[in-house]
Enquirer: 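Mind looking over this structure? Questions follow.
This one's a predicted model, so the numbers in the text were calculated from it and none came from an experiment.
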Amino acid sequence: MPGQVKYLAAVGLLAASTLGAPTPAEAGKEQMFEYAPPGSGVLVGQTERRIPGKQPRRDPALDLPPIDPSAVPPPQPNLPRESLPVPDRWRLIESLGVTERWWDPYNQNTLKGDKPIFDDWFVNVLLISDTIVEPRAFPIPFVPNTTQKPDSNDPFGEINSLVFNQNIIASLSIIKGDTAYKPPDYEFRLTPVFNYNYVEVEERGVLRADPRKGRTRADNFIGLQEAFVDYHIRNVSDRYDFDSIRVGIQPIQADFRGFLFQDQQLGVRLFGTRNNNIYQYNLAWFRRLEKDTNSGLNDVTELPRDDDVFMANLYWQDFPALGFVSQVTAVYNRNREGSDFFYDKNDFLARPASFGDERGHDYDVVYLGYNGDGHFGRFNLTTSAYVALGQDQHNQLSGEDNSDIRAFFVAAEPSVDFSWVRLRGSFLYASGDDDPFDDTEEGFDAIFENPQFAGADTSYWIRQAVPLIGGGGVILSGRNALLPSLRSSKEQGQSNFNNPGLLLLGMGADFDITPEIRLSTNANHLSFATTETLEVVRNQGGISRDIGWDLSAALIWRPMFTQNVVLRASGAMLYAGDGFQELYDTDDRFFYSVLLNLILTY
């Protein structure tokens with residue numbers, strides 16, 4: 001019979017003992033059970049195959065009288081309450097006996113914004129200790145009358161040096177609004193950084209222009225890296241698309257990997273989202289602050305530089321494919337420091353650079369770029385492309401006025417994941433100037449780069465600032481920089497589009513050995529795009545383009561599975577190519593960099 005299940009006698013016995021329908025004496029009879037549909041109120045209906053002439057048994061529950069709901073009296077108002085009022089919804093957890101511990105950032109903590117200090121105003125405190133110990137070796141010049149080797153005519157000194165750097169970062173944010181569901185109405189943030197740094201080298205006249213000040217330097221500085229007000233202008237949709245404005249010293253990043261402009265600078269930024277966060281935009285103006293020479297932090301005791309950056313960009317989520325973000329950007333850099341005569345903290349000339357005819361120059365340059373970051377299936381891709389167009393009021397090599405700037409840059413990092421391993425490739429090309437004496441400058445230079453690419457600051461070439469000895473008071477490449485821009489410094493110098501450019505080809509791999517330990521390895525081959533500029537400033541012909549191989553590895557350990565304690569140990573080596581050896585007239589092919597870094601975060 002449909003809807004019925006026939007059970008054998010043994011099953012019938014079990015069902016009988018459970019349901020109380022047939023007696024044990026009748027357990028040998030075959031039973032038939034119907035299952036009522038869910039929600040019918042009937043658990044199991046039973047149909048018995050009766051012995052002819054025997055009356056079926058009636059369920060006693062069917063003889064009970066119906067229940068009348070009106071017979072139940074309403075609750076009395078003087079009964080004891082089963083709940084207590086609380087000041088607001090954030091303090092509900094206190095009624096359960098949970099008390100906060102100010103030193104614990106992962107549980108109830110007012111200092112980390114878990115509940116308001118009053119009304120809907122929150123506070124968020126951030127403390128970071130960043131400690132670096134860095135033994136390293138790179139070409140170092142010496143002044144002949146101060147060298148430790150007075151009988152030597154070699155302009156290159158001992159290559160070893162040591163750096164110790166300690167930053168204490170303290171950030172305080174005061175926020176108004178329910179930030180769990182929508183952008184805050186107001187945010188006030190202040191982030192000072194307390195720095196101590198110590199450097200030791202083996203030659204005099206390297207750390208300071210005055211050789212009497214020795215071969216060591218200890219310095220300290222307090223920089224202001226953030227000081228802004230963020231105002232939420234309006235919401236433009238029920239999904240909290242918004243417009244906001246931020247005024248003051250604030251972080252800015254022009255692209256995903258910090259190729260063009262990544263810094264904390266004084267400015268005004270209008271930003272927001274549209275279409276359920278599919279589109280994000282920024283419109284900004286920044287007036288660059290002077291940097292402290294030895295710490296690299298913002299120096300607000302000096303007047304801002306006459307160097308303006310105007311930026312507009314648009315992010316498009318899931319374009320051209322789901323999981324990939326595209327960005328178009330336009331940046332205009334207006335520099336009017338051609339009349340400056342500025343010495344840095346160590347008494348070296350920073351503006352104009354001691355390069356070419358050492359005359360100052362103003363310039364206007366527009367960067368137009370496309371950047372992408374995301375994945376196509378299992379394949380990841382980060383890409384960036386820029387063209388730089390503008391005018392330099394004075395070419396320091398040719399002496400020409402009103403030189404045109406025509407340069408370009410392209411970089412890509414594809415990668416693919418295999419379980420706990422990520423394999424990466426790296427490609428970068430920055431154009432170089434192949435004719436320093438014409439009226440066009442073709443060497444690409446950034447505004448303030450901080451590239452997270454091809455090993456980032458684990459890489460020897462990116463990490464170390466290598467001076468161009470015998471080519472003026474400029475560096476071949478800056479600290480935490482990729483481009484061989486021949487500036488006086490990345491922090492205080494001007495952009496220079498008379499440079500040799502760069503070609504980088506590399507491979508790397510990241511290994512997540514455990515959830516706490518990651519090993520990252522990189523192997524990059526570096527070469528100049530052109531060498532004509534180097535040959536002019538060094539008065540040396542036939543310089544090879546080959547810079548060499550940059551090999552590095554970094555071990556990152558997070559013992560608490562979080563970012564609160566991060567220990568990084570890395571080592572890098574530059575195996576110098578022919579071009580590097582010819583520039584520094586050395587038989588040494590190996591230059592090293594070791595980085596020990598401990599970060600503690602609250």
Side-chain angles (χ1 to χ4, degrees), residues 136-144 147 149 152-161 201-203 206 353-356 396-398 428-437 441-445 454 459-479 481-488 496-506 523-552 572-593:
R136 58 188 184 173
F138 58 85
I140 293 178
F142 70 77
V143 180
T147 180
K149 303 182 297 182
S152 174
N153 292 320
D154 190 347
F156 305 100
E158 298 295 332
I159 65 176
N160 297 305
S161 64
V201 298
E202 297 186 273
E203 297 291 344
V206 173
S354 182
F355 176 77
Q396 290 180 283
L397 293 184
S398 69
L428 181 145
Y429 184 83
S431 64
D433 191 352
D434 60 2
D435 187 356
F437 297 111
E441 301 175 16
E442 299 174 309
F444 185 88
D445 197 7
S459 158
Y460 180 93
W461 179 260
I462 295 176
R463 181 69 183 175
Q464 302 304 330
V466 180
L468 184 64
I469 302 170
V474 296
I475 53 177
L476 184 62
S477 64
R479 188 166 174 84
L482 260 169
L483 302 173
S485 54
L486 308 183
R487 295 188 184 195
S488 59
N496 175 32
F497 301 92
N498 288 301
N499 67 67
L502 182 71
L503 171 63
L504 180 149
L505 294 172
N524 304 318
H525 184 265
L526 301 156
S527 58
F528 298 115
T530 64
T531 58
E532 284 80 0
T533 300
L534 294 173
E535 292 171 1
V536 168
V537 297
R538 282 291 299 269
N539 194 23
Q540 175 182 350
I543 299 175
S544 171
R545 295 186 181 186
D546 185 17
I547 298 173
W549 284 93
D550 185 346
L551 309 175
S552 63
M573 178 189 72
L574 179 68
Y575 180 74
D578 292 342
F580 198 88
Q581 284 192 303
E582 290 162 0
L583 280 173
Y584 297 101
D585 191 23
T586 176
D587 293 331
D588 293 330
R589 280 192 176 269
F590 296 96
F591 298 88
Y592 70 89
S593 172

Enquirer: Could you pull out all residues at least two apart from R463 that satisfy salt bridge (charged side-chain N to carboxylate O under 4.0 Å, His left out)?
Expert: E134, D457
Enquirer: The criterion is side-chain contact (heavy atoms from CB on, under 4.5 Å); which residues satisfy it with A523, sequence neighbours excluded?
Expert: L551
Enquirer: With sequence neighbours left out, which residue pairs that include part of residues 527-546 fulfil the ring-ring contact (aromatic ring centres under 6.0 Å, His included) condition?
Expert: none
Enquirer: Between atom CD1 of I543 and atom CD of E582, what is the distance when rounded to the nearest 0.5 Å?
Expert: 7.0 Å
Enquirer: Side chains of R136 and S161: do they bring a donor and an acceptor to under 3.5 Å?
Expert: yes
Enquirer: Between N524 and Y460, is there a side-chain donor-acceptor contact under 3.5 Å, judged purely by atom types and distance?
Expert: no
Enquirer: Any donor-acceptor pair under 3.5 Å linking the side-chain atoms of T533 with those of N498?
Expert: no
Enquirer: For V206 and P141, which heavy atoms make the closest approach, and how far apart are they?
Expert: CG2-O, 3.4 Å
Enquirer: Measure across L583 and L476 and return the closest heavy-atom pair with its distance rounded to 0.1 Å.
Expert: CD1-CD2, 4.4 Å
Enquirer: Where the side chain of R487 meets the backbone of G478, is there a donor-acceptor pair that is under 3.5 Å apart?
Expert: no
Enquirer: From Q540 CD over to D585 CG, what is the distance, rounded to the nearest 0.5 angstrom?
Expert: 8.0 Å
Enquirer: Would you say the ring centers of F497 and F444 fall short of 6.0 Å from each other?
Expert: no
Enquirer: Among residues at least two apart in sequence or on other chains, which ones pass salt bridge (charged side-chain N to carboxylate O under 4.0 Å, His left out) with D578?
Expert: R589
Enquirer: Quick check against the 3.5 Å criterion: does D445 have a side-chain atom that pairs as donor or acceptor with the backbone of N496?
Expert: yes
Enquirer: Can you sort out the partners of D434 under side-chain contact (heavy atoms from CB on, under 4.5 Å), two or more places apart, ordered by chain and number?
Expert: E442, T530, E532
Enquirer: Which atom names give the shortest non-hydrogen contact between S459 and A454, and what distance separates them?
Expert: CB-O, 3.9 Å
Enquirer: Side chains of S544 and T531: does their closest heavy-atom pair fall under 4.5 Å?
Expert: no
Enquirer: Taking the side chain as every heavy atom from C-beta outward, state whether F138 and P467 have any pair of such atoms under 4.5 Å apart.
Expert: yes
Enquirer: Give, for atom CG of L468 and atom CG of L534, the distance between the pair rounded to the nearest 0.5 Å.
Expert: 6.5 Å
Enquirer: From D550 CG over to L504 CG, what is the distance, rounded to the nearest 0.5 angstrom?
Expert: 8.0 Å
Enquirer: How far apart are the closest heavy atoms of P436 and V536, and which atoms are they?
Expert: CG-CG2, 4.0 Å
Enquirer: Could you pull out the closest heavy-atom pair between V474 and S354, with the gap in Å?
Expert: CG1-O, 4.0 Å
Enquirer: Is there side-chain contact between S593 and L574, with at least one heavy-atom pair below 4.5 Å?
Expert: no
Enquirer: Closest approach of W461 and P484, non-hydrogen atoms and distance?
Expert: CZ2-CB, 4.3 Å
Enquirer: Hey, what do you get for OH (Y584) to CD1 (I140), rounding to the nearest 0.5 Å?
Expert: 11.5 Å
Enquirer: How long is the straight-line distance from CG of D546 back to CZ of F580, given to the nearest 0.5 Å?
Expert: 11.0 Å
Enquirer: Looking at residues at least two apart in the chain, or sitting in another chain, which of them share a side-chain hydrogen bond (donor to acceptor under 3.5 Å, both in side chains) with R545?
Expert: none
